Each structure stands twice: as structure tokens, then as C-alpha cells.
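Here the structure is laid out as C-alpha cells; the discussion comes afterwards.
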Amino acid sequence: MRYLITPAYFIAAVLIPLVFTFMLWGLFRITGHRDQKIFWGGLIGILGIIPVLSDLTIARGEFVNGVLRDVWIPPKIIRFLGGWGARGLIYLVLGYGLILIVKKLHSKQIEIRAGSGLFFAYLLLIAPSFISMVAGTRPSFNHFMLYEPLIFTLVYFARPAEDWSWYVQQFKRVLLVCISLSALFGVLAPTWSTGHALTLIPGFNFRLNGIFSHSNGLGIAALLYLVLDMADDTRSTLYRKLAWLVSMGVLIATQSKTAWVSMVLAYGIFCVYKFSILTTARVRYSAMPIIMGIFILLLGMGGLIWLIGMGVDKWLSGLDTQTYNSLISLTGRTNIWEITLRSWQENPIFGYGPRLWDVEYRLQYAPQFRYIVGMAHNQFLQTLGASGILGVIGLAIYVFTLVKLGVQYFSTTRGVSLALVVVFLTRSISETPFRNGVLDITFYAHFILFVLLMSMVANANSKKIMNTVVGKSADSREALSA
């Protein structure tokens, strides 16, 4: 049997590149000669599958008496299929992206594309991280940092269509599949799909992870579905109502505090939009969405008042010691922030470098967090620590651009554009939603925001061109009649 191993590896080494090349050629041919919806539907679906496949290779850990222990270790076959499946899809997307980018750059037609301002702001966001590879305290190269910029450049050159609502529907389908599977596994395989650390709801001693490695990942998926559903102005069907209920139930079951706060703020923005419609429009609109939004806001405020009324200390005393300590220190984030600031002070302009909070960094500067922390848990401090003041400038420009576009398309998107931006800003307080390096669910959320804003800009640009053409035609007719 061992004599067959070498020929098998040789055959695989020959066949796999050939199959990959054939798939890449086929994808390029199909998307180049048919409706672009095939390309975008495939890209949205593939990038949605990658985080799930990657998370299947990660062991599920649980804190037992303050010690992190593995409660589930993926079998070798799962690690192989998940790891190589994710890599294959990543390389397929990157290969196609490189071909398209090179083709566009060598094209004789040079044009200013819709969304150039957003794309340029994104380049300013990521450029300092590449500079810190050379000028940082710990210079290093990480090839994973090339993936997101290549994909976002592919989005820019592929030019999302003007029908932004079509993209909303595609993203909702992918997110709903992840949410439904997570809910299903929560019932069928609770040991694998749930955790018991840092629970907040009295009586519910579990947090739903689902098909993701952490409950916060599932929380952002459910939150994004609920926010995107606000953009749908069609009649609410039984399917939509069930999907909303499942997504809301999953979001609550994750016990992700940041996602909960983001949800309340997003529905608050939606209420502002509905109030503006009810006060300015002459036609009658259903009051149910605004009632639901007000109910969620009142529920959040009622919970806060209840905590104040009974005494926060009294409520906290009912929690376990681990949860209590995590809450008073923002789940240990205050210590993480202090360590990050000390690293930044060593190189204020360029920062520590892209290896901030990797395994080697944790072993040297924060051995107490060696197994559980992989970032600064704050976007501003993560950028400041990794890329210095230069990185913060780029981050500020990008955030300003996002806020500007969110406000600009507030009415067009029923408040969803601004709600999405607010979700990212809220998550920036305790997470790093703009971090470049891993194609996880956080990347996919950023991808959703980027594509939708690109499509909204294209939609507005198309209407502007149409109005200009109509205006010129009217002027020509008036000149001829004169």
C-alpha cells in the first residue's frame, strides 16, 4: 500500500491545479458572457460559505473553573474538508479577481467608476497597515492581509449594479441559511453548538454558537439579517415573519451584548425613518413596523430601568464570579486596552505592526491572554496599536465616508444605510469590524456594507445621468420648436 502513496500524491499535485485552472477559466467564461447576477450571486454565496468552513476547523472551548478546556475537537476529516474547502474557495475568488483586475487595468477604456470615493477611502484605511509591515516596531509580512483588499478591489472593478435591493435579497438568503442551520444544530447538537460562559439572561445558562466558533459571530449574522430586512418594503409574508422570528430568537440566544445594543440602535433609526414617512407622506402606511421598533426600544429601556430599580449590584451578585468579573472589566477589555496602548507608545507613528495580539505577542506581553485574545477588542485601539497615528487618520477618513454615505441614502434605503453604519460603529467599541487579515464572518459583514454602499452610489449616479440626459433632450426640443 505504501508504494501507492507517492504516485497518488503526484497525481493529486498534477490534477488539482488542472481542475482549479479549468474551474477558474469556466467561471471567467460564464460570468463574462452572461448576466452579471450569476457572478454576484456566486461571489456572495462563496464568501458566505468560507467563514463557516473555516470555523468548522476550530475546536470548541469552554471555561471550567477559570481554565479554558476543549469540549469538542474537530476530527481530522472535518479539519481537512473544512480547511482545504475554505482555501480552495478563497484561491478561486482571488484567482478570478486577479484576472479581472489585470484585464480592467489593461483596458483601453479609462473611466471614473461609481464609488471611487468610497474605494479610495478604503485604500487609505488599509495602506497604513502595509506601511507598518516595514516601519512598525515588529516588521513582518502576513499574506492574509492581501485577501480582503483584492476582494474589495474586485468589487470596485466588477461594478455592482444599480439595483441595490437585489443584493440585499442575496445577502439575506445567505445569512438566513446560516441562522437556520445554527438554530437547527442548537436543538439537535446542543453540546457542539452552545457554550455556557459569560451568560447574561437569568435562567438561561447557555449561549448559542451554532455553526460558528463563537456566539458573537452568530450574533452579527442574525443582526445583519434583521437590519437588511428593514429595507424590504414589500408585503410581509408568512415566510418573512417566520424568518424574522427565528433570527430574533437566535440573536437573543447568542447573548451577545454588543449585538443587542446595535439592534436597539438600528431599530431606533428605523423608527426615525418611519416617523418621517408618516409625517410627510400623503399615502397611508402600515404602522406595524414602527410599532415593532418602538416595542424593541421600550423593551431595551425597560430592561435598563429594571436593572437600575433593583440595583445593578444586586443583579450582578446573582451572576457567577467569572461573568461578574468580565462585566465590570468589559470582559477583560480594559486590561487589553492598557497593554495595547503601551505597545503603541513604543512607535507612535507606525505602531507595533500587523502581528499585534498574535500568539507570539501574547506570550511576550500578555501571557494571561495567550489562549483567548486575538485583537485589541476596540477598533480605534487596534488600529492605533498596529498602525499608529497614520492608521488612525486612515480609519477616520473611512468612517467619515461611511457616515456620509449612510446619511445620504437614508431615505432611499428606508434608514438601512445609516443603520448598517451605526452597527459597525457600535461594534467598534468592543470589537474590530474593520480589521484586515481573516476572511471570517466579520469580514463578510464588512463585505456586505461595502457592496451595498457601492450599489447605492451606482444607483444614484445612474439616476443623475438619466436626469441629465432627459434635461438635455428637453432643451433640444425647446430649441427646435423655437
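Quantities reported herein were computed from a predicted structural model and do not represent experimental measurements.
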Quick one, Tyr91 with His143, criterion ring pair (Phe, Tyr, Trp, His ring centres under 6.0 Å). Give me CA distance, side-chain angles, the key distance, then yes/no. CA-CA 12 Å; Tyr91 297 152; His143 65 91; 8.5 Å; no
Minimal non-hydrogen separation, [X] against [Y], with atom names:
| X | Y | answer |
| --- | --- | --- |
| Pro160 | Met454 | CG-CB, 3.8 Å |
| Ala221 | Ile441 | CB-CD1, 4.4 Å |
| Gly85 | Leu53 | C-CD1, 3.8 Å |
| Ile389 | Leu384 | N-CD1, 4.2 Å |
| Ala183 | Val250 | CB-CG2, 3.9 Å |
| Ser182 | Ile211 | OG-N, 3.2 Å |

Side chain to side chain contact (heavy atoms under 4.5 Å, CB included), that's the test. Do Asn459 and Asp163 meet it? Break it down for me. CA-CA 7 Å; Asn459 179 274; Asp163 187 11; over 6 Å; no
Keeping [X] on the side-chain end and [Y] on the backbone end, is there a donor-acceptor pair under 3.5 Å?
| X | Y | value |
| --- | --- | --- |
| Trp337 | His377 | yes |
| Tyr444 | Ile44 | yes |
| Gln382 | Ala376 | yes |
| Asn378 | Leu381 | yes |
| Ser193 | Phe185 | yes |
| Gln379 | Phe434 | yes |
| Arg138 | Gly353 | no |
| Asp55 | Phe212 | no |
| Ser455 | Val451 | no |
| Thr442 | Pro433 | no |

Compare all side-chain heavy atoms of [X] with those of [Y] and state whether any distance is below 4.5 angstrom.
| X | Y | result |
| --- | --- | --- |
| Tyr267 | Leu226 | yes |
| Leu47 | Ile50 | yes |
| Val399 | Leu425 | yes |
| Lys37 | Gln170 | no |
| Phe204 | Ile252 | no |
| Phe152 | Phe443 | yes |
| Ile131 | Leu390 | yes |
| Val93 | Leu89 | no |

Aromatic ring proximity, centroids under 6.0 angstrom, Phe450 and Phe447: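 For Phe447 and Phe450, the ring centres are not under 6.0 Å apart.
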Using the benzene-type ring in the case of Trp, are the ring centres of Trp40 and Tyr167 under 6.0 Å apart?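 Centroid distance Trp40-Tyr167: below 6.0 Å, so yes.
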Between the side chains of [X] and [Y], is a donor N or O closer than 3.5 angstrom to an acceptor N or O?
| X | Y | answer |
| --- | --- | --- |
| Gln169 | Ser165 | no |
| Arg427 | Asn216 | no |
| Trp260 | Thr254 | no |
| Tyr122 | Thr401 | no |
| Ser116 | Tyr156 | yes |
| Ser430 | Thr258 | yes |

Of Val174, Ile179, Leu181, the one forming a side-chain contact (heavy atoms from CB on, under 4.5 Å) with Val177 is Leu181
Could you state the interatomic distance from [atom1] ([X]) to [atom2] ([Y]), rounded to the nearest 0.5 Å?
| X | Y | atom1 | atom2 | value |
| --- | --- | --- | --- | --- |
| Met133 | Met145 | CE | CE | 4.0 Å |
| Leu402 | Ser417 | CG | OG | 11.0 Å |
| Leu208 | Ser256 | CG | OG | 11.5 Å |
| Asp440 | His214 | CG | NE2 | 12.0 Å |
| Lys274 | Ser276 | NZ | OG | 9.0 Å |
| Leu439 | Tyr147 | CG | OH | 8.0 Å |

Might you confirm whether atom CZ of Phe141 has over 12 heavy atoms from other residues, nucleotides or ligands at distances under 6.0 Å?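 Result for CZ/Phe141: enclosed.
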Is it true that, when you exclude Phe130 itself, more than 12 heavy atoms of the residues, nucleotides or ligands shown sit nearer than 6.0 Å to its CZ?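 Counting neighbours around CZ of Phe130, more than 12 heavy atoms of other residues, nucleotides or ligands fall under 6.0 Å, so yes.
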After noting the C-alpha distance and the side-chain angles of Tyr225 and Phe171, does the key distance pass the ring pair (Phe, Tyr, Trp, His ring centres under 6.0 Å) rule? CA-CA 8 Å; Tyr225 179 87; Phe171 285 125; over 10 Å; no
Mind running side chain to side chain contact (heavy atoms under 4.5 Å, CB included) on Phe270 and Leu418 for me, showing each step along the way? CA-CA 9 Å; Phe270 186 60; Leu418 184 58; over 6 Å; no
Do Thr137 and Phe350 pass the side chain to side chain contact (heavy atoms under 4.5 Å, CB included) test, and can you show the C-alpha distance, the side-chain angles, and the key distance before you say yes or no? CA-CA 8 Å; Thr137 304; Phe350 302 107; over 6 Å; no
Apply side chain to side chain donor-acceptor pair (under 3.5 Å) to Ser236 and Trp244, showing your working. CA-CA 10 Å; Ser236 181; Trp244 188 92; over 6 Å; no
Regarding Arg240 and Asp229, does a basic nitrogen lie under 4.0 Å from an acidic carboxylate oxygen? yes
Under the criterion side chain to side chain contact (heavy atoms under 4.5 Å, CB included), I'd like the reasoning laid out for Ile448 against Leu224: C-alpha separation, chi angles, the key distance, then a yes or no. CA-CA 9 Å; Ile448 291 175; Leu224 286 175; 4.0 Å; yes
